[in-house]
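See structure below.
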Amino acid sequence: MKQGVLLRYRQFLPITPKTPMITLGEGDTPLVRSQRLEKEIGCGELYFKLEGCNPTGSFKDRGMVVAVAKAVEGGSRAIMCASTGNTSASAAAYGARFGLETLVIVPRAGIALGKLAQALAYGAKIISIDGSFDDALSLVRALTQRYPITVVNSINPHRIEGQKTAAFEIVDALGDAPDYLFIPVGNAGNITAYWKGFLEYQRAGRSKSTPGMMGFQAEGAAPIVQGRVIEEPRTVASAIRIGNPASWKGAVAARDESGGRIDSVSDEEILSAYRLLGSSEGIFGEPASAASVAGLVKVARQGLELKGKKVVCIITGSGLKDPDTAVEIAQPPAELPADIAAIEKSLGLV
Ligand code: F0G
């Protein structure tokens with residue numbers, strides 16, 4: 001049975017005797033070695049951390065379990081978040097299971113179908129606004145100040161606490177920190193959390209080193225790279241379609257303190273990495289997740305020395321969450337009669 005994040009890493013988390021040790025089986029996700037890309041780009045060892053294997057299909061569950069446990073501990077009755085989809089799916093699941101009402105505000109354009117389906121299935125109250133994620137987050141900030149509702153976006157520090165446990169797992173699996181960690185950046189909570197985790201583990205003597213933090217935004221939604229708020233962010237990777245990240249400063253600190261980079265990748269590069277992951281590694285991540293791999297391919301092309309280096313790419317969410325994109329960019333299946341000769345011909349068997 002899976003322990004869950006709270007129990008496994010309790011000495012690193014803000015747990016009191018009153019904190020309910022809840023879990024849906026989050027964390028302990030696979031770290032799998034690359035079969036092809038590692039050789040293609042010539043790095044020492046390349047691993048993918050499959051965060052889509054969490055209970056609601058994304059890394060958000062690690063932070064949500066802590067945020068919800070602390071909300072329950074504090075006597076809260078309701079939680080609220082803005083979301084491009086995954087946070088709302090996770091909040092709705094943990095809210096439903098642990099007796100909290102879940103209120104969600106999402107941008108009307110660009111929440112992937114699977115994520116909406118999840119929030120609906122878990123019984124959240126969902127409001128879809130004619131605005132961006134950034135607008136939704138401003139509304140959530142205002143509403144949670146006005147009413148006794150706990151915000152569970154990553155502006156809630158308990159989210160960051162939970163998410164840092166993914167860094168612990170990587171060090172536990174590899175025996176030390178990798179040389180580089182590649183990660184998509186949207187609202188920038190996750191890169192902030194990983195960096196916190198790597199630092200804390202090093203301080204606790206669990207690792208000797210810390211990785212260079214390599215964060216990637218989508219080109220049309222790259223406020224940190226451009227150094228300005230993007231009013232109308234655009235990208236196929238709807239999860240990271242964010243123009244004014246809440247943890248902007250945390251991401252910049254992670255980059256600068258770790259000697260890493262924050263750069264952008266185009267939608268074309270994201271989709272090419274998305275296809276490559278699926279068809280040559282057997283890993284179906286959502287488009288935003290592919291930004292980490294697109295970033296690795298980009299810096300390898302630019303000549304970053306990767307020989308002998310250990311690299312981890314975070315695959316933040318499952319590809320099943322966004323079936324529309326998967327189907328849209330693929331060759332449609334061949335439609336044939338139920339006839340063996342036609343099938344043989346179509347498959348090139350004869
Ligand atoms: N990858 C996926 C699959 C995400 O859902 C997100 C963020 C990110 C990467 C970026 O992480 O925001 O911590 O920098 N999704 C949020 C949401 C915004 O509402 O689900 P970040």
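Both backbone and side-chain heavy atoms feed into the values below; hydrogens, waters and symmetry mates do not. Along the sequence shown, residues carry numbers from 1. We count ligands from 1, going down the list as the structure has it; atoms in each ligand are counted the same way.
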The answer for which part of I191 has a heavy atom under 4.0 Å from ligand 1 is neither
Does ligand 1 come near enough to G186 that some N or O of the ligand is less than 3.5 Å from an N or O of the residue? yes
re atom 12 (O) of ligand 1, the protein heavy-atom contact at minimum distance is N187 N, 2.7 Å
Note: ligand 1 atoms sitting under 4.0 Å from heavy atoms of N86 are 2 (C), 3 (C), 4 (C), 5 (O), 20 (O)
The residue among V185, I183, I191, L304 that forms side-chain contact (heavy atoms from CB on, under 4.5 Å) with M214 is L304
| message | Assess whether a salt bridge exists between E200 and K196, defined as any Lys/Arg side-chain N lying under 4.0 Å from an Asp/Glu carboxylate O. | response | yes
Of all protein heavy atoms, the one nearest atom 11 (O) of ligand 1 is F59 CZ, 3.5 Å
Honestly, for K115 the part within reach of ligand 1 (heavy atoms, under 4.0 Å) is neither
Checking heavy atoms under 4.0 Å, the part of T192 that sits near ligand 1 is neither
Under a 4.0 Å threshold between the charged nitrogen and the carboxylate oxygen, would R159 count as salt-bridged to E161?
no
Check for me whether A188 has a heavy atom closer than 4.0 Å to any atom of ligand 1.
yes
If we number the atoms of ligand 1 from 1 as shown, the ones under 4.0 Å from a heavy atom of S83 are 17 (C), 19 (O), 20 (O)
So the atoms of ligand 1 within less than 4.0 Å of a heavy atom of E286 turn out to be 3 (C)
task = Give a yes or no on whether the backbone of C43 and the side-chain of K310 come within a donor-acceptor separation of less than 3.5 Å.
result = no
closest protein heavy atom to atom 2 (C) of ligand 1 is T316 OG1, 3.3 Å
shortest atom 8 (C) of ligand 1-to-protein heavy-atom contact is with I240 CG2, 3.7 Å
Under 3.5 Å: donor-acceptor pair, side chain of S138, backbone of D134: yes
Here the gap from D256 atom CG to R261 atom CZ, rounded to the nearest 0.5 Å, amounts to 13.0 Å
inquiry  = Taking only non-hydrogen atoms of I183, do any sit less than 4.0 angstrom from ligand 1?
reply    = no
Notebook entry, point to check: Quick one: does G189 get an N or O within less than 3.5 Å of an N or O on ligand 1?
Noted result: yes
**Message:** Given 3.5 Å as the limit, does a donor-acceptor pair link the side chain of E281 with the main chain of R36, or not?
**Reply:** yes
S280 side chain vs L276 backbone, donor-acceptor pair below 3.5 Å: yes
(message) Is there a polar contact between ligand 1 and K60, counting only N or O atoms under 3.5 Å apart?
(response) yes
Residue, atom and distance of the protein heavy atom nearest atom 20 (O) of ligand 1 read T87 N, 2.8 Å
Ranked by distance from atom 13 (O) of ligand 1, the top protein heavy atom is N190 N, 2.8 Å
Item checked: K60/E51 salt bridge by N-O under 4.0 Å criterion -> no
Counting from 1 in the order shown, the ligand 1 atoms closer than 4.0 Å to a non-hydrogen atom of T84 are 15 (N), 16 (C), 17 (C), 18 (C), 19 (O), 20 (O)
Taking only non-hydrogen atoms of I242 and a 4.0 Å limit, the atoms of ligand 1 in range are 18 (C)
Notebook entry, point to check: With distance as the sole test, does K2 use its side chain to make a donor-acceptor pair with the main-chain N or O of G27 at under 3.5 Å?
Noted result: yes
Next item on the list: Decide, yes or no, whether a salt bridge links K49 with E169 under the criterion of side-chain N to carboxylate O below 4.0 Å.
Entry: yes
Taking only non-hydrogen atoms of V185 and a 4.0 Å limit, the atoms of ligand 1 in range are 14 (O)
Q) Hey, is E38 close enough to R33 for a salt bridge, meaning N to O under 4.0 Å? A) yes
Does S88 reach ligand 1 with a nitrogen or oxygen that is under 3.5 Å from one of the ligand's nitrogen or oxygen atoms? no
Does L120 belong to the same Ile/Leu/Val/Met/Phe/Trp/Tyr cluster as L103, with side-chain heavy atoms less than 4.5 Å apart forming each link?
no
